[in-house]
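Below you'll find the structure, written out as structure tokens, and then a few comments.
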Amino acid sequence: MVARIGTWLGVAFMVCFLTGLVSHIQQNPVAWLPLGPEPAWGYRVTQGLHVATGIACVPLLLAKLFSVYRRLFEWPPVRGPVHGIERGSVAVLVASALFQVSTGVMNLFQWYPWGFGFTGVHWAVAWVAIGAIAVHVAVKLPAVRRAYAAPVGPATVGNVEAARDDDAPPRDDARTRRGFLVGTGLAVGAVTVVTIGQTVSPLRGLAVLAPRRPDAGPQGLPVNRTVAQAGVATSAADPGWSLEVVGPAGVTRLDRAALERMDQHEAVLSIACVEGWSASARWAGVRIADLVALAGGSEASTVDVDSLEQQGAYRRTNLPAAYAAHRDTLLALRIGGEDLHLEHGFPARIIAPNRAGVLQTKWVARLEVRNA
Ligand SMILES: Nc1nc2c(c(=O)[nH]1)N[C@H]1C(S)=C(S)[C@@H](COP(=O)(O)O)O[C@H]1N2
Ligand SMILES: [Mo]
């Protein structure tokens, strides 16, 4: 039973780790793994999986701890060097796993009662957790093999000594273990069903525990950072707004009317928030590639994007060349045929395929085109 719950937990953690890696690299690009705008749905899937498997880890981790907790208090705590290393790795594993799952869930609710930056610490501790898991799996592999060789019946006991003693537990114990596995499976199913609707829209009616519903908000789209939170209520609504475009050809200013006179393009793209919700919309506006050309840039240019927002971690972002040149990467002016709502980034915002929600900058003030 312990081996089985451990396997599920290991798989969930691995998926969480790999999808988290994708999210981190997208926000902090590295040369060895250039992530691009294709496939358009990529981030929606990887981040949806990241949050769904993270949530599934809550009951799995509790079940796993419950099934082994007596051993956590074994005496003496250390019986030798190898045993000491193994016990130490378990301590690190339990602490880091609890830390990752709880801070991840708190981030879903944008609740930060701690004094450190969430993303940096969540990223660092992910490596600690995955390392401790690797050690734990390596140490436990023989026991896991033995466990899988037998059914979850009387002969398989997590505690091998008991089996050797011929001290086979009564049949009811086998039933209890099977029941515990089924119960854990049901708990995982239940937490998934009440949250997955935040990204799988046909199930949105069931998403009673998801902090964001994919259709709750102006223009049928949730809002993460509001105009008020960003402090742009006045500047974004100012009719005198114009976009500053800076590049090798010089500085150009374009007001909304000028942007509307340029070639308009449509793209159906989703906002996929790091917090796991995602929602699709039909966007329309000017291709970033056209603005890059106007500024004297090329297909190899990158674009720095500045928001009207004066503070906040996401007031400034960068479009790598592959994104800036993509036909569906837009400076969006409209959603579903209507002018962008102020909350969604009026007068203009970035929308690009396969891009983390945090990078889909709202209330754009300035684009700086840089040649590589
Ligand atoms: N300027 C600015 N743009 C921003 C943000 C922000 O904090 N500031 N938040 C981002 C995040 S985290 C998400 S998920 C999307 C959400 O877009 P929406 O509010 O239109 O749904 O906007 C992004 N754009
Ligand atoms: Mo987000």
Side-chain angles (χ1 to χ4, degrees), residues 19-20 22-24 26-28 43-44 46-48 50-51 54 104 106-112 117-119 122 198-199 201 204 210-237 241 243-244 267-285 288 303-319 323 329-336 338-368:
T19 50
V22 168
S23 186
H24 182 84
Q26 199 173 105
Q27 294 171 66
N28 306 272
Y43 191 77
R44 189 179 196 180
T46 59
Q47 195 61 14
H50 183 74
V51 173
M106 284 153 87
N107 183 58
L108 298 187
F109 292 88
Q110 301 191 333
W111 180 37
Y112 309 106
F118 166 73
T119 42
H122 197 66
Q198 67 176 330
T199 190
S201 34
R204 62 176 169 245
R212 295 284 189 292
R213 303 280 286 269
D215 53 353
Q219 300 175 318
L221 210 62
V223 173
N224 226 19
R225 194 157 165 87
T226 63
V227 174
Q229 285 168 337
V232 295
T234 317
S235 53
W241 172 89
L243 174 77
E244 187 178 89
V268 175
L269 294 172
S270 57
I271 296 270
C273 181
V274 292
E275 289 148 26
W277 63 265
S278 65
S280 183
R282 188 165 52 88
W283 307 87
I288 291 293
V303 180
D304 286 335
V305 181
D306 278 306
S307 172
L308 291 169
E309 195 182 343
Q310 297 298 308
Q311 255 136 26
Y314 304 110
R315 54 168 302 282
R316 176 159 240 243
T317 52
N318 174 268
L319 285 162
Y323 280 90
T329 300
L330 304 179
L331 183 73
L333 307 173
R334 286 182 299 282
I335 297 180
E338 296 172 19
D339 280 351
L340 279 179
H341 193 283
L342 261 184
E343 297 289 4
H344 290 310
F346 180 89
R349 79 169 302 160
I350 297 294
I351 186 81
N354 190 19
R355 190 161 164 89
V358 287
L359 304 176
Q360 310 276 33
T361 317
K362 302 198 276 191
W363 316 294
V364 174
R366 183 173 185 271
L367 299 176
E368 183 168 350

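Throughout, numbering of the chain's residues begins at 1 and tracks the sequence. Order of listing sets the numbers, starting from 1, for every ligand and every atom in it.
Residues S280 and L221 come closest through the heavy atom pair O-CD1, 4.2 Å. In terms of heavy atoms, N224 sits closest to C273 at ND2-SG, 3.4 Å.
Close N/O approach between R315 and ligand 1 is not found [any backbone or side-chain N/O within under 3.5 Å]. Looking at W363 next to ligand 1, no N or O pair under 3.5 Å apart turns up.
For ligand 1, the atoms sitting less than 4.0 Å from at least one non-hydrogen atom of R349 are 15 (C), 17 (O), 18 (P), 20 (O), 22 (O), numbered in the order shown with element in parentheses. Distances below 4.0 Å separate heavy atoms of Q360 from the following atoms of ligand 1: 22 (O), 23 (C), 24 (N). Counting atoms of ligand 1 from 1 in the listed order, those under 4.0 Å from a heavy atom of V358 are 10 (C), 11 (C), 12 (S). Per-residue contacts place S307 under 4.0 angstrom from the following atoms of ligand 1 (heavy atoms of the residue considered): 1 (N). Listed by number with element, the atoms of ligand 1 under 4.0 Å from a non-hydrogen atom of W277 are 14 (S), 21 (O). Each of the atoms 10 (C), 11 (C), 13 (C), 14 (S), 15 (C), 22 (O), 23 (C) of ligand 1 lies under 4.0 Å from some heavy atom of G357. Against a heavy-atom cut-off of under 4.0 Å, C273 is close to the following atoms of ligand 1: 14 (S).
Distances from ligand 1 to the non-hydrogen atoms of G312 include no value under 4.0 Å.
How far CD1 of I288 is from CG of L331: 5.0 Å, rounded to the nearest 0.5 Å. With rounding to the nearest 0.5 angstrom, the NE2 atom of H122 is 7.5 Å from the CG atom of N107.
For the residue pair T46 / T19, no side-chain donor-acceptor distance below 3.5 Å is found, with atom types taken as modelled.
Tested against Q219, the residues E343, R334, E338, H341 include a single side chain to side chain donor-acceptor pair (under 3.5 Å) partner, E338.
Only backbone heavy atoms of P222 (N, CA, C or O) come within less than 4.0 Å of ligand 1; its side chain stays farther off. Within the 4.0 Å heavy-atom criterion, the part of E309 lying near ligand 1 is the side chain and not the backbone.
The protein non-hydrogen atom at the shortest distance from atom 16 (C) of ligand 1 is I271 CG2, 3.9 Å. If you check which protein heavy atom lies closest to atom 9 (N) of ligand 1, you get R225 CB, 4.3 Å. Here the protein heavy atom with the shortest distance to atom 3 (N) of ligand 1 is K362 N, 3.0 Å.
The list of side chain to side chain donor-acceptor pair (under 3.5 Å) pairs with a residue in residues 347-366, not counting sequence neighbours, reads E244-R366, T317-T361, R366-E368.
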Audit row: Q110, E275, side chain to side chain donor-acceptor pair (under 3.5 Å) steps and yes/no
CA-CA 9 Å; Q110 301 191 333; E275 289 148 26; 3.1 Å; yes
One pair to check against side-chain contact (heavy atoms from CB on, under 4.5 Å): I271 and I351. What are the steps and the verdict?
CA-CA 8 Å; I271 296 270; I351 186 81; 3.9 Å; yes
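Two residues are said to be in side-chain contact when any heavy atoms from C-beta on lie closer than 4.5 Å; W241 and S235 fail this criterion.
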